[in-house]
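First comes the structure, then the notes that go with it.
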Amino acid sequence: MLSFRAGCAAVLLFACTQSLASASLKDDGNNTMDIMEFIEQFGTPLKTRWMAMIPSIVNSSDTSCKDEFTAMIQAFQSREEWAFEILDASSKIQSGVMMGNIRDLGMYDECLQASGHYDNISVRGNEFQIEELVKSFLGNTSENSYVGIEIEGINCVQPTSEDFTTGEILTIILLTAIAQFMIFCTICDFLKRRGYAGSSTLIDTLSKFSLYINGRALLSTEVKPQMMPGISGIRFLGMCWIVLGHRYVSTLLSPTINIKDIFVWMDSWSSVHIQIAVFVVDTFFVISGFLLAYTFLKSMKSGKKFNLAMMYFHRFVRLTPSVMVLALFCAFLLHRIADGPIWNMTNYLVITPCQRNWWLNLLYVQNFVDKENICLLHTWYLAVDMQLFWISPVIVYPLYRWPKVGLGILGSFLVISIVTPAVILGVNRYSNGVLEFTESVITMDYFYNYYILTYNRACAYFVGIMLGYDVVTKKRKLTKVVSS
């Protein structure tokens, strides 16, 4: 059964708000009225104006909740408290609509808890199947109201099932096995440090997966001779900027009472630092290309042999397990973490795409194949970075063996990567914003058809390769000033 999203009595929304919106909970003697007195006073106009309409709507509905809905209406007329709890939990026409306050979530928990019986019929707020009924009722009432209402769709929240699916069980088993393995490796590391394990090669290998060892390495602030602190600083500042930008974008997805002010702010200079945050991503592509060229050329000059298969395999193994664990968790277990009136948005943005397209993340082609349904939207970056890594040997190996040829190849790629996005921007008349705003809608055409496509983001990566080659061949020292 489907449950209500922004209030379970959506069918009563206009009936109650139009009859009660101007009502006061004070009587003429300035004494606070009892809730039943309030219902008694305003119940008559509510009944006479709207109740005559409801039976015809119920009878014409094809839904399976006619009996439950009729029972709720009769309970409301009979002043049953549970029926008014459903009404109280529903969303209302709130103040500030002209400023963008167009989403009222009601009281979700009260809606789920509201239940009652009338004429031997049980009614629960979280088991009310009303989608088509709501559409027909609101469509009818909008014709009789002072404000024209257009219903684009009804979205109901499905309460989390108590039964675990096969996918959930298998995911839990996998995550549990990984956790147990890491704990076992930590124990092996402890035994090795205490001298109980001898000189076992197996223990030495398992100890490398120790939580203690990897935790210390992850949280270490030690600057080793081969490290480049300037690059780490750029990464930190870039990540902070990106997080800030995403925090602003997330405001557009959540209920905001003054969303109209956001559009005014976006046309002012005070929003520039947020709107140009999209270019910070190019910094990471530059760093990625630089480190690839720098480490590859350094290793080749030290006498190591070039092994293309191992180069690809190492990169795949380093990234993929973490991505797959996250995708599995989002596809099968994320829906059990929370609940609420807008939690269904997570279903649309994360859960369903991961259940459908997790395998595209495994192949790192999610930014080209069914790109409007990416599993974990931010992984477009991993796909672009991996694809650029795949073609990088065509550039970096000639740079080592035949520098002039390599520079010619790199220059050609660089010119193409500059011209291509400029042509696409001009032909399609895209702006440089991730989101595009019109008078009534927010679209992501630019994001899907330009922003996440590899050939439009490659320029920064090739610039990074050029910088890496320059540093290695001219033996430059990357001080903090030079890195910045």
Side-chain angles (χ1 to χ4, degrees), residues 238-239 241-242 245-246 249 252-253 274-293 312 315-316 319-320 323 326-327 348-350 352-354 356-396 409-438 441-466:
M239 284 190 292
W241 200 349
I242 289 174
H246 280 80
V249 172
L252 298 173
L253 303 177
I274 297 300
Q275 300 210 50
I276 65 174
V278 295
F279 300 109
V280 182
V281 180
D282 290 330
T283 302
F284 289 89
F285 284 124
V286 171
I287 293 175
S288 183
F290 168 81
L291 292 177
L292 168 70
Y312 285 161
R315 177 68 169 228
F316 183 83
L319 295 179
T320 308
V323 175
L326 182 59
Y348 171 75
L349 295 176
V350 180
T352 301
C354 281
R356 175 178 175 179
N357 289 329
W358 62 269
W359 61 277
L360 294 176
N361 289 44
L362 185 64
L363 300 176
Y364 293 95
V365 293
Q366 63 266 35
N367 64 322
F368 281 106
V369 182
D370 198 13
K371 54 183 180 289
E372 289 81 8
N373 295 290
I374 296 180
C375 170
L376 302 173
L377 191 62
H378 57 286
T379 61
W380 71 266
Y381 176 88
L382 289 180
V384 172
D385 191 68
M386 180 64 84
Q387 292 160 20
L388 291 172
F389 179 82
W390 287 340
I391 67 173
S392 63
V394 178
I395 302 173
V396 294
I409 296 174
L410 176 59
S412 300
F413 274 107
L414 193 57
V415 170
I416 293 172
S417 67
I418 293 174
V419 173
T420 300
V423 172
I424 293 176
L425 280 174
V427 170
N428 294 282
R429 297 185 178 181
Y430 288 136
S431 66
N432 252 337
V434 176
L435 303 177
E436 292 183 298
F437 301 90
T438 64
V441 295
I442 301 174
T443 64
M444 295 183 65
D445 290 343
Y446 169 85
F447 178 82
Y448 290 122
N449 298 319
Y450 177 87
Y451 188 78
I452 65 175
L453 300 182
T454 305
Y455 46 78
N456 293 326
R457 310 309 302 265
C459 180
Y461 192 86
F462 297 142
V463 169
I465 292 178
M466 182 175 63

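Residue numbers run from 1 in the order of the sequence given.
- Aromatic ring pairs are classed by plane angle as parallel below 30°, tilted from 30° to 60° and perpendicular above 60°; the pair Phe316 and Tyr364 is perpendicular.
- In plain terms, the two heavy atoms of Val365 and Gln387 that are nearest each other are CA-NE2, 3.9 Å.
- For Asn373 against Pro353, the heavy-atom pair with the smallest separation is O-CB, 3.7 Å.
- Across all non-hydrogen atoms, the minimal contact from Ala458 to Leu388 is CB-CD2, 3.7 Å.
- Side-chain atoms of Asn361 never come within 3.5 Å of backbone atoms of Thr379 as a donor-acceptor pair (strictly under, hydrogens ignored).
- Checking side-chain atoms of Thr283 against main-chain N and O of Val280 turns up a donor-acceptor pair under 3.5 Å.
- For the atom pair Tyr446 OH and Leu425 CG, the distance stands at 6.0 Å (nearest 0.5 Å).
- Contact of the Leu376 side chain with the Leu326 side chain is registered, since non-hydrogen atoms from C-beta on lie closer than 4.5 Å.
- Contact between Ala327 and Cys354 at its shortest, heavy atoms only, is O-CB, 4.0 Å.
- For Tyr381, the ring pair (Phe, Tyr, Trp, His ring centres under 6.0 Å) criterion is met by Phe285, not counting sequence neighbours.
- Counted within 6.0 Å of OH on Tyr348, heavy atoms from surrounding residues, nucleotides or ligands total 12 or fewer; the atom is thus considered open.
- Taking CZ from Phe413 and CD1 from Ile418, the interatomic distance works out to 14.0 Å, rounded to the nearest 0.5 Å.
- In this structure, the side chains of Pro393 and Tyr312 come closer than 4.5 Å at one or more pairs of heavy atoms.
- The shortest distance between side-chain heavy atoms of Tyr455 and Ile416 does not fall below 4.5 Å.
- Between the side chain of Arg457 and the main chain of Ile452, no donor-acceptor pair closer than 3.5 Å is present.
- Across all non-hydrogen atoms, the minimal contact from Val369 to Leu360 is O-CD1, 3.3 Å.
- In this structure, CG in Leu453 is found 11.5 Å from OG1 in Thr420, a value given to the nearest 0.5 Å.
- Here the closest non-hydrogen pair linking Tyr451 and Val278 is OH-O, 3.5 Å.
- Side-chain atoms of Tyr461 never come within 3.5 Å of backbone atoms of Asp385 as a donor-acceptor pair (strictly under, hydrogens ignored).
- Considering only heavy atoms from C-beta on, Leu410 comes within 4.5 Å of Met466 through its side chain.
- With Asn456 contributing its side chain and Tyr450 its backbone, the two residues share a donor-acceptor pair below 3.5 Å.
- In this structure the side chain of Leu349 never reaches within 4.5 angstrom of the side chain of Leu377, judged on heavy atoms.
- Ring geometry, Phe447 versus Trp380: the interplanar angle exceeds 60°, so the pair is classed perpendicular (tilted spans 30 to 60°).
- The list of salt bridge (charged side-chain N to carboxylate O under 4.0 Å, His left out) pairs with a residue in residues 369-383, not counting sequence neighbours, reads Arg356-Asp370.
- In this structure, CD1 on Ile409 lies 11.0 Å from CZ on Phe462, to the nearest 0.5 angstrom.
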